Amino acid sequence: MTKPELPKAYDFRSTEPRVYEMWERGGYFRPSNDPNKEGFDPKARPFVISIPPPNVTGELHLGHAARVSTEDLMIRYHRMRGIPTLWVPGTDHAGIATQLMVERDLLKTEEVTREELGREEFVKRTWEWKKKYGSIITKQIRRLGASPDWDRERFTLDEGLSHAVREAFVRLYEKGLIYRGPRLINWSPGLKTAVSDLEVEYSEEEATLYYFKYMLKGSDEFIPVSTIRPETILGDTAVAVHPEDERYKHLVGRTAIVPMLGREIPVIADDYVSREFGTGALKITPGHDPNDYDIAQRHHLPIISVLDEAARINENGGAYKGQDRFECREKLWADMKNAGLVIKTQPYTTTIPRSQRGGEIVEPMISTQWFVTIEPLAKAALAAVKDGRVKIIPERFEKVYFNWLENIRDWCISRQLWWGHRIPMWYCPDGHMTTGRLDPKACGTCGSTQLTQDPDVLDTWFSSGLWPFSTLGWPEETRDLAYFYPTSVMETAYDILFFWVARMIMFGLEFTGEVPFHTVYLGGLIRDEHGRKMSKTYGNVIDPLVVMDELGTDALRFTLLVGSSPGNDTNLSVKRVEANRNFANKMWNAGRFVISAVNSLPPEARADSEYTLADSWIWARLQQLVRDVERLFQSYQYGEAGRQIHEFFWSEFADWYVEIAKQQMQSESTRGQTVATLARVLDISLRLLHPFTPFVTEELWGHLRQALKESSLSALAADWPEALIIAAWPEQKEPEGWEDAKVADFSLVQEIVRSVRNLRAEKNVPPTRKLAASMLAGSKTTLLEEQSNTIAALAGLDASKLRVDAKAGKPSEESIVLVVGSVEVYLPLAGMVDVQAERARFSKELADTEAQIRRLEQLLSGDFASKAPAPVVEKERERLAALKETAQKLNAQLR
RNA sequence: GGGCGCAUAGCUCAGUUGGUUAGAGCGUCUCUCUUACACAGAGAAGGUCAGGGGUUCGAGUCCCUUUGCGCCCACCA
């Protein structure tokens, strides 16, 4: 029977889509225990992740790829462990981002602004946009090999989630935790909306500090004052000095004159003012500065707003009305200069608040907005982490979380946008407010039917905050909610700890009475190979789609998952992805070798012989690996786990065991057992690797399974399911007694092989030249006799001329001698022996060995022997004994 | 002004209950197209684990400190 040959190089391009389709068709992404289906077992605890929903109109970037890879790894691992697993996918409507994108497109294609289009039409167009482009991101997530339950995909603006948002708002409002009122908020003049504190970013910038005179009424006296924003002078309602300041103390209570406007304002005393800074006097602009606002509250000062929604001067700015804030800054300053009010200007570095989205300078402004009273929510969220109901990994972020929640301020949730959840509040002509779970028909206070809904929408994060439970059906008491909530792990990047994670915990506790997840796993950011942030202006952006096209998804995933640790940023270079593409190819070829070994097995072959040394060794190593991987997974150290599997597969299985297997397969007596071992080790390796590199492992495993089923070793695959994605995770087995001895014996074989190879390289002996050799092996004689074929094959020796003796003299001919532990290897290399060089080599080795002996003897004679644990001491004693033996052999050679 | 992280081979990074000879990938040098793989194999060079101090029989790992980078939070005009 001829079997189709597998291609020499792993063809990820054809494999990935085919395998993904197979998974989806097989329904493997759906939870194995579904509360909506027959046979549901409510006692089987599920493992649940809600995906951090990407922007519905977004394009996949490496951040997504890192998140999705990590989550998929967790999901696949738990699924393989037989745990009912649910990963809820979905997208976020991303208010500002999406609205801006559609606005930009409308302007470009139709030369129309959203205002010209009108609200209703604009929202309609945005929905059309969403329908057209909204599936791009989810398709890209599929390309990453993600295995969420697509049947449960949600969108933050879909009907169910809108229902949840409405419920949440109404509940908070009824509880008195949502209020509306004029407050000083951060205003984005470019976007013409309020933004929350979190959406403001501060950057160190060069600015100018303007010094000027605040003239006092009815005199030539003045108070010198400085400001960074002269245009806010127009809104000043006081000049403040420190109450103890001798320079100005006597002026408190006098009246100052606002430059150019002539408005009269008081001079007040407040100890907020720092005597040391600037002139020691402070202008108070409560309408455009948070500190001044607080001072104004204390002193009952009027609040004057001088800017309109586009940050132009409004009617309170007198002659400057209509000017842009920066234009006014110049003009006003020029006018003040002419009026003799200017003292000086000086360059000044300060932190400038900018809009996270638009980048323009944000203005503090008085504006009527909706707020969430955050303190009670924050307290509960704080407690949940403090008492361990929610665990944050890495732990250090708990401190950051505490610090933020302890100093949190009310959350401004209204946005002057059109794309989002409209605030469910209606006003009658008399200004009464009415809300409800259903749209009200009449005013709840006066019965008026002339209701208009609040034009604002809610902050996008308001709906994202409900994500872990709204996606499961909340506020309805669905079966999904009952079974899958609270979720297990929230996996996301640390940069949205406040934006999202903290708010989910607050909302989860408030609305469901439970934490939304037990564990928060915070990953790092992806940077370029030198640790720089990726940005289009630098031109250092790596597009994950391009990387997947060129090197394969598994290579990208393995790179993102291995070589970094939780909470730390990852520097990604294409070089590393290439190396991992090579690893996928390594798996492919090692797998191909095993599969062809299975395929060419004669029908009568049985795996009934004793394990050889190499068989035992690879098993011992594999069992050790399984245990280590399990331990590492339990502590979220996926990167280290991946590294160890990589090392095992490549450096031990492929480099050593496969090579030895080639020898063992030549003897009919060991052939069956060797092929069986190859197949079983490959099987377990593929299972361990599957969460990291799902495609190549699934593909190979399918071929392996097929081959085994058709071979005389079909029993090995008897209980394998139809796909690796649902195959059982390898179990840890307790170490068996023989392992250590076998591993040590095998190490000796490796050492001998390495020494010979080393010598061959040094002496430039061509690989084709098989050398004769004899080994003086002492107590290792039996072992080495058994291993002589293996050693010969791996070291390039002539097996028929390889002698192993317990004790014998040197061979008569001229030889090179290698001392490997207690074994001497003689290689007759007539004509190539340089007596001087050989002696030098021995001398050096002897010196090294003796140095180690001295060090160990010193160690063992000190407190170490009595204070260190017995096994550690024993190990060193054994090493010392071995070293002494080696030294003795070397000495003999030098005589 | 607070808080946190990082500093290990030329480059990018692993190294989590402290165990004595510190690893990987890439890069460099030598050899080899050996019937799984040249996206490979074999071999080699390369590190006072930022500096200092301490705890310990033993420190890359724990504690203190200095220096240099990075990040987060914060209302000084």
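Letters A, B, ... mirror the listed sequences (proteins, then strands); counts begin at 1. Everything numeric here is computed off the predicted structure, so don't read it as measured data. Just so it is clear, the values below take in all heavy atoms, side chains as well, and ignore hydrogens, waters and symmetry mates.
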Legend entry - Sugar-phosphate only, base, or nothing, as touched by A:R879 at under 4.0 Å among non-hydrogen atoms: base
Legend entry - Separation of B:rA36 P from A:L678 CG (nearest whole Å): 12 Å
Inset, instruction - Quote, to the nearest angstrom, the P distance that separates B:rC26 from B:rG43. - result: 15 Å
Legend entry - Residue pair A:Y401 / A:L522, side-chain heavy-atom distance below 4.5 Å: no
Legend entry - Under-4.0 Å side-chain N/O to phosphate OP1/OP2 contact, A:Y293 with B:rC75: no
Legend entry - Flag if over 12 foreign heavy atoms under 6.0 Å of NZ, A:K391: no
Inset, instruction - Search all heavy atoms of A:R329 against all heavy atoms of A:R229 and return the closest pair with its distance. - result: NH2-CG, 3.5 Å
Legend entry - A:E205/A:R354 under salt bridge (Lys or Arg N to Asp or Glu O under 4.0 Å): CA gap, chis, key distance, verdict: CA-CA 11 Å; A:E205 291 178 29; A:R354 289 182 177 276; 2.6 Å; yes
Legend entry - Interatomic distance at P, B:rA38 relative to B:rA44, whole Å: 23 Å
Inset, instruction - Quick one: label A:E578 by what it contacts on the DNA or RNA (base, sugar-phosphate, nothing), any heavy atom closer than 4.0 Å. - result: nothing
Inset, instruction - Give a yes or no on whether A:E395 atom CD has more than 12 heavy-atom contacts from other residues, nucleotides or ligands under 6.0 Å away. - result: no
Inset, instruction - Hey, can you tell me if A:W650 and A:F583 have their rings parallel, tilted or perpendicular (30° and 60° cut-offs)? - result: parallel
Inset, instruction - Could you tell me whether A:S573 contacts a base, only the sugar-phosphate backbone, or nothing, with contacts defined as non-hydrogen atoms closer than 4.0 Å? - result: nothing
Inset, instruction - Select base, sugar-phosphate, or nothing to describe what A:E762 touches, counting heavy atoms under 4.0 Å on all strands. - result: nothing
Inset, instruction - Using a 4.0 Å heavy-atom cut-off across all strands, classify A:A654 as base, sugar-phosphate, or nothing. - result: base
Inset, instruction - Would you mind pulling out the nucleotide paired to B:rG5, Watson-Crick or G-U wobble, both distances under 3.5 Å? - result: B:rC69
Inset, instruction - Establish, with yes or no, whether the OP1 or OP2 oxygen of B:rU16 is under 4.0 angstrom from a side-chain nitrogen or oxygen of A:S565. - result: no
Legend entry - Any N/O donor-acceptor pair, A:Y10 side-chain to B:rC39 base, under 3.5 Å: no
Inset, instruction - For the residue pair A:H703 and A:W588, categorise the inter-ring angle as parallel (less than 30°), tilted (30 to 60°) or perpendicular (more than 60°). - result: perpendicular
Inset, instruction - Return the value, rounded to whole Å, for the distance between atom NZ of A:K875 and atom P of B:rU21. - result: 11 Å
Inset, instruction - Rounded off to whole Å, could you give me the OH-to-P distance for the A:Y202 and B:rA74 pair? - result: 7 Å
Inset, instruction - Scan A:T227 against the nucleic acid and name what it touches under 4.0 Å (heavy atoms): base, sugar-phosphate only, or nothing. - result: sugar-phosphate
Inset, instruction - Report yes if a side-chain nitrogen or oxygen of A:N758 is closer than 4.0 Å to either non-bridging phosphate oxygen (OP1 or OP2) of B:rA44; otherwise report no. - result: yes
Inset, instruction - With heavy atoms under 4.0 Å as the rule, sort A:W656 into base, sugar-phosphate or nothing. - result: nothing
Inset, instruction - Between B:rC64 and B:rC73, how far apart are the C1' atoms? Round to whole Å, please. - result: 26 Å
Inset, instruction - Would you classify A:T768 as touching base, sugar-phosphate or nothing, given that sugar-phosphate means primed atoms plus P, OP1 and OP2, and contacts are heavy atoms under 4.0 Å? - result: nothing
Legend entry - Watson-Crick or G-U wobble partner of B:rA77, both distances under 3.5 Å: none
Inset, instruction - Taking only the side-chain nitrogens and oxygens of A:K662, find out if one of them lies under 4.0 Å from OP1 or OP2 of B:rA36. - result: yes
Inset, instruction - Drop me the distance from A:H530's NE2 to A:N540's CG, to the nearest 0.5 angstrom. - result: 10.0 Å
Inset, instruction - Using a heavy-atom cut-off of under 4.0 Å over every strand shown, decide if A:E276 touches base, sugar-phosphate, or nothing. - result: nothing
Inset, instruction - Examine A:Y210 together with A:F212 and report whether their ring centres are nearer than 6.0 Å. - result: no
Inset, instruction - For nucleotides B:rA40 and B:rA24, find the distance between their P atoms and express it as a whole number of Å. - result: 16 Å
Inset, instruction - Scan every strand shown for a Watson-Crick or G-U wobble partner of B:rU35, both distances under 3.5 Å, and answer none if you come up empty. - result: none
Inset, instruction - Could you tell me whether A:D863 contacts a base, only the sugar-phosphate backbone, or nothing, with contacts defined as non-hydrogen atoms closer than 4.0 Å? - result: sugar-phosphate
Legend entry - Heavy-atom donor-acceptor pair, A:E640 side-chain to B:rA24 base, under 3.5 Å: no
Legend entry - Rounded distance in Å between the C1' positions of B:rC39 and B:rC4: 41 Å
Legend entry - Presence of A:H530 side-chain N/O under 4.0 Å of B:rU12 phosphate oxygens OP1/OP2: yes
Can you give me the N/O atom pairs linking the protein to nucleotides 25-27 of chain B at distances under 3.5 Å, or say none if there are none?
none

Legend entry - Side chain A:R396 and base B:rC4 donor-acceptor under 3.5 Å: no
Inset, instruction - Would you classify A:Y272 as touching base, sugar-phosphate or nothing, given that sugar-phosphate means primed atoms plus P, OP1 and OP2, and contacts are heavy atoms under 4.0 Å? - result: base
Inset, instruction - May I ask you to verify whether the side chain of A:K586 and the base of B:rA40 hold a donor-acceptor pair under 3.5 Å? - result: no
Legend entry - Sugar-phosphate, base or nothing in reach of A:Y348, heavy atoms under 4.0 Å: sugar-phosphate
Inset, instruction - Could you let me know what B:rU55 is paired to, Watson-Crick or G-U wobble, both distances under 3.5 Å, or none if it's on its own? - result: none
Legend entry - side-chain N/O A:K399 vs B:rG3 OP1/OP2, d < 4.0 Å: no
Inset, instruction - For the pair A:F12 and A:Y10, name the ring-plane relationship: parallel under 30°, tilted 30 to 60°, perpendicular over 60°. - result: tilted
Legend entry - Distance between P atoms of B:rA77 and B:rG5 (Å, rounded): 29 Å
Legend entry - Residue matched to B:rA22 through Watson-Crick or wobble contacts both under 3.5 angstrom: none
Inset, instruction - Remember a base hit wins even if backbone is also touched, and classify A:P766 as base, sugar-phosphate or nothing at under 4.0 Å, heavy atoms. - result: nothing
Legend entry - Distance between C1' atoms of B:rU17 and B:rA59 (Å, rounded): 15 Å
Inset, instruction - Could you tell me whether A:D495 contacts a base, only the sugar-phosphate backbone, or nothing, with contacts defined as non-hydrogen atoms closer than 4.0 Å? - result: nothing
Legend entry - Pairwise C1' distance, B:rC69 and B:rA50 [rounded to whole Å]: 11 Å
